[in-house]
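To find a chain, count down the sequence lines: A is the first, B the second, and so on, and within it residues start at 1.
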Amino acid sequence: MAHWLMKSEPDTFSIDDLAARPRQTESWDGVRNYQARNFMRAMRKGDTALFYHSNCEQPAIVGLMRVVTEAYPDPTQFDRKHDHYDPKSKPEEPRWSLVDVQFERKLKRAITLTELRAHVDALAGFALLMKGSRLSVMPVRAEHFAHLLKLEKSKTAA
DNA sequence: GCCAACGTTGGC
DNA sequence: GCCAACGTTGGC
């Protein structure tokens with residue numbers, strides 16, 4: 001199973017919001033970047049995704065989610081009244097996709113961006129740490145994922 | 001709130 | 001197809 005990381009602004013939708021949803025499941029709508037969309041289309045049911053809080057006081061990886069559907073068209077692209085409405089997308093040829101994700105657990109402690117940067121050696125090539133990277137959905141290599149779980153267990157924030 | 005980095009748009 | 005202008009992301 002593949003691993004991913006997905007960003008959300010906690011003021012808009014946080015890990016606690018996900019945990020509070022019916023069946024603790026939510027559609028990850030609003031992605032309007034082709035690269036991020038393509039990663040979602042590459043997701044398979046059962047994949048694991050890290051939940052990352054972005055654009056906030058403490059940017060950090062905060063939890064784990066399960067991908068519970070394959071990618072399907074994002075309905076908000078066809079909704080005129082919606083912020084993410086895309087007039088150029090046609091129902092017969094949808095431009096934007098999403099997957100449903102289910103809450104799995106919060107990390108025992110948040111792993112902050114600052115801490116992640118202190119581990120650039122072990123995390124070399126991790127898209128989140130690349131300069132100028134703004135992707136909201138990105139793949140995580142198995143060895144990076146394992147290292148992150150090891151960090152979670154470690155007592156001290158390096 | 002600032003601004004660097006990036007993606008998209010549209011004129012030519 | 002180039003590239004300037006514009007909008008967005010997201011850390012700080």
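- Atoms CG (A/L129) and P (C/dG10) sit 14 Å apart, rounded to a whole Å.
- Across C/dG10, B/dG7, C/dG11, the shortest atom-to-atom separation from the side chain of A/S136 is found for C/dG10.
- Here C/dG7 presents its P atom at 18 Å from NE2 of A/H84, a figure rounded to the nearest Å.
- Put simply, CD on A/E57 is 15 Å from C1' on B/dG1, counting in whole angstrom units.
- Look at CG on A/N33: it is 13 Å from C1' on B/dA5, rounded to the nearest Å.
- Checked by distance alone, A/R134 brings a side-chain donor or acceptor within 3.5 Å of a matching partner on the base of C/dT8.
- With respect to A/E92 and A/K90, no salt bridge is recorded, no charged nitrogen being found less than 4.0 Å from a carboxylate O.
- A/E115 places its CD atom 17 Å from the C1' atom of C/dG11, with the value rounded to the nearest Å.
- Note on A/L135: only backbone sugar-phosphate atoms sit closer than 4.0 angstrom, heavy atoms only; bases stay farther off.
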List the steps, then state whether ring pair (Phe, Tyr, Trp, His ring centres under 6.0 Å) holds for A/W96 with A/Y85. CA-CA 10 Å; A/W96 306 111; A/Y85 174 61; over 10 Å; no
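- Regarding contacts with the backbone of B/dC6, every side-chain N or O of A/Y34 stays at 4.0 angstrom or more from both OP1 and OP2.
- The CG atom of A/L5 sits 16 Å away from the P atom of C/dT9 (whole-angstrom rounding).
- The aromatic ring centroids of A/W4 and A/Y52 lie 6.0 Å or more from each other.
- A/M6 places its CE atom 13 Å from the P atom of C/dG10, with the value rounded to the nearest Å.
- For C/dC12, one of the phosphate oxygens OP1 or OP2 lies less than 4.0 angstrom from a side-chain nitrogen or oxygen of A/R117.
- Contact annotation: A/K131 side-chain N/O to B/dA5 OP1/OP2 distance is under 4.0 Å.
- Taking the ring centroids of A/H147 and A/F145, they lie at or beyond the 6.0 Å cut-off.
- For the residue pair A/A36 and A/N33, the shortest heavy atom distance occurs at N-OD1, 2.9 Å.
- Counting to the nearest Å, the P atom of B/dA4 and the CG atom of A/N55 are 17 Å from each other.
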